Amino acid sequence: MPDWNIIQAVNDALRVEMRRDPRVVVLGEDVGKFGGVFRATAGLIDEFGPDRVIDTPLAEAGIVGAAIGMAMYGLRPVPEIQFSDFIYPAFDQIVNELAKLRYRSGGQYAAPVVIRTPVGGGIKGGHYHSQSPEALFIHAGGLQVLCPSNPVDAKGLLISAIRGEDPVLFMEPKRVYRAARGEVPEGDYTVRIGEARTVREGRGMTVLSWGAMLHEAEAACAQAAEQGIDPELIDLRTLWPLDVEAVTRSVRKTGRCAIVHEAPRTGGFAAEIAALVQERCFTSLEAPILRITGWDTPFPYTLENDYLPLAPRVLKGLRGLAAYLP
Amino acid sequence: MAQFEFKLPDIGEGVVEGEIVKWLVKAGDEVSEDQPLVEVMTDKATVTIPSPRKGKVLQTLGNEGDVAKVHQTLVVLEVEGGGADVGQPHAPPTAQSAPPLPPQRAGSPAPLSTAPGPGRVEQVPAPRPQPGRTTRVEVPQPMASGAPSYGQAPSAPGGSGNGEQRDKVLATPVTRRMAREMGVDLGSVRGSGPLGRVTKTDVLAYVEQQRSPQPERTEAPARPQPRAPGAEERILLRGLRKRIAESMVRSKSTAPHFTFVEETDTKALTALRARMNQALAARGEPKLTYLPFIAKALVAAFRKYPHLNAVMDEARQELVVKSDVNLGFGAATDQGLTVFVVKNVESMGLREIGSEIDRLARAAREQKLAIHELQGGTFTVTSLGKDGGMLATPIIHHPEVAILGVHKIKQMPVVVTGEDGDQSIEIGERMNLSCSFDHRVIDGHVGAAFLYEVIRGLEAPELLLVDV
């Protein structure tokens, strides 16, 4: 199996699906001739031509709106929003149209659109290239929201997303676009949507994370383990639908739960997870559920390493959680 | 001077009586407050009951081995004077464990105790003792041997009283659940955590403190005396031995037993277990015994024969079929047979079952099992060990309806028929299973089919993993 990074895995997933299914088309800003600003669509135009790999104007509402129309006519569009920070012009199209089409038409129309978009900070990108808007779209209702942390899941989940009937927001953690590597299965490969992955087993506490911060959480868990804390780390990878079973099973075992994400804390997805955990695992809880997240500020350009919940801050949090007397 | 009658308190858990195991004082003894008076064994645990008062023992009621009912007088003490504090020396500070309130108290905070101190104590005003008269005092839970312990923040002055105390005990949800399951009133536990939070450790220490110490309880003479011809020795059945005797009689006289024995080929199971243990050893984790696999095979068999995972409601003559699989495991301890219960085996993995069995077996040996770890079984497995013979007729852990005896694995010659029909003799592995059933509710062919289903699981253990 080839040793690939997330970009290569995404590129391969698109190629595999475009070869398998002529309805799959890619569209977005600079996805064609240029091959995408992160090179995720590099080479696709050479193999599939400009009718299936479409360079669009700089107009996100138009990109998503066009994709919805294409999907209703039977295509499987995979639009790219160059940075998730640019997704807001398309917010109305996504929330009011894309997410609600199956519901609004009583199931007569589906819009199986997969919006790919890089998320997160840590690349010296500043406010317009660093945000993590997952909570907004989970809250909207009607969308699946996925965020792989590694190339294997990136490929498997992207292919599952393209084959599904539901609209999907596919968030790619750009901080580890090239840093996260792994042996990616060639050809057809899927990962079931709705299934979390246990990265490390433990009995001391449950640590939930996804995307780029999963790697920070993993490093912190390794150090915590050396200090006798024994965390269990779960990569949620499909944020919505959430693998509630995996989460509750783990928390019932460990009695403690920490959630690590880089989006701001208030109204972040960790809040929803914390609520679910206390609803379902209340009598197992040995400590308050801990959120280790970005701060409630705009994403700061110069202070991004203070903003992000990097491994040292996560470790500090986990130690505090372990120290709480049950 | 006044007399003080000390009664066997209601120690919760639905316990209605306790056997007097050992008197630690006798008439004429001076006792100090909190000095242990007597050891009493309830259905599940032995507790040492301390004196709530300082005074002189006038009389102890009941001999060792006698059964005392809750609220029956155990000791009469002569105590100093009398006074307001005679009322409830050790009433725990919560409404739950207090005696029912007289009707006029509903909604009215009027007759609250005037006793100072933190924590509002729901007290029934005691009649002021008259000199020379016996003061009858009910002591709901005097086993918190220390002074009233309020780890939690003191109650607000001038608070309205009723039921407020409960809100003021600080504890995490898991500790609250643990206390509830162990029948511990959190208000009686001294909290050692921040702001007086009652921690799990505090609850465990409290339970421990209640059941210990268990000084040497000799059930038989340690040194055999040289015997005269025809001499006999009489050993009174008491303590755990008496409980065992009672439960065996109850089971055998209630449930007509039949026992069915069959052998199982363990070759695949031994190989699978060896592979798993190799992997576990590489990860530095403890080995699996055969019991977790047997548990899994039972869970699979219960899916097909749910009536075996059940208990009898004798009062209503109903078979109560359970969805949770709570497996009892027999453990030999110094005191005798104990059955601990691993709860919800159906939702556990092999490793989890194994470590839970290890933990409970250790607790059984150290006599540290909590009451909830002894109750709630739906089916019992008894491991017959290396001297288990080739068949046994295990007695059902009533009110369960079946019990599985597991014999040791033996090598033996077996006839093997090849694909071409040729027969040969090979060294095979066999383990016998002896399963007893309550014939009132389990027919012979059902019991047999159930055991064959268990055997099917053990002979093809990979199938057990399919639904793990």
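Hydrogens, waters and symmetry mates are skipped; everything else that's a heavy atom, side chains included, is used. In what follows, chains are A, B, ... by sequence order, proteins preceding strands, each numbered from 1. The shown structure was predicted, so the numbers you read here are calculated from the model rather than taken from an experiment.
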For chain A, which candidate among B:Asp202, B:Val174, B:Thr201 shows the most heavy-atom pairs at distances under 4.5 Å?
B:Val174

Among B:Met178, B:Arg176, B:Arg180, find the one that has a side-chain contact (heavy atoms from CB on, under 4.5 Å) with A:Thr283.
B:Arg180

Sidechain N-carboxylate O distance under 4.0 Å for A:Glu286, B:Arg177
no

Within 6.0 angstrom of B:Glu462 CD, more than 12 heavy atoms from elsewhere:
yes

When only heavy atoms count and the cut-off is under 4.5 Å, which of residues 252-260 of chain A reach chain B?
none

Show me, pair by pair, the donor-acceptor contacts under 3.5 angstrom made by side chains of residues 286-293 of chain B, not counting sequence neighbours?
from: B:Thr289; atom 1: OG1; to: B:Leu291; atom 2: N; distance (Å): 3.2
from: B:Tyr290; atom 1: OH; to: B:Arg273; atom 2: NH1; distance (Å): 3.3

Heavy-atom contacts under 4.5 Å, residues 318-326 of chain A to chain B
A:Tyr324, A:Leu325, A:Pro326

Using a 4.5 Å heavy-atom cutoff, which residues in residues 205-240 of chain A come close to chain B?
none

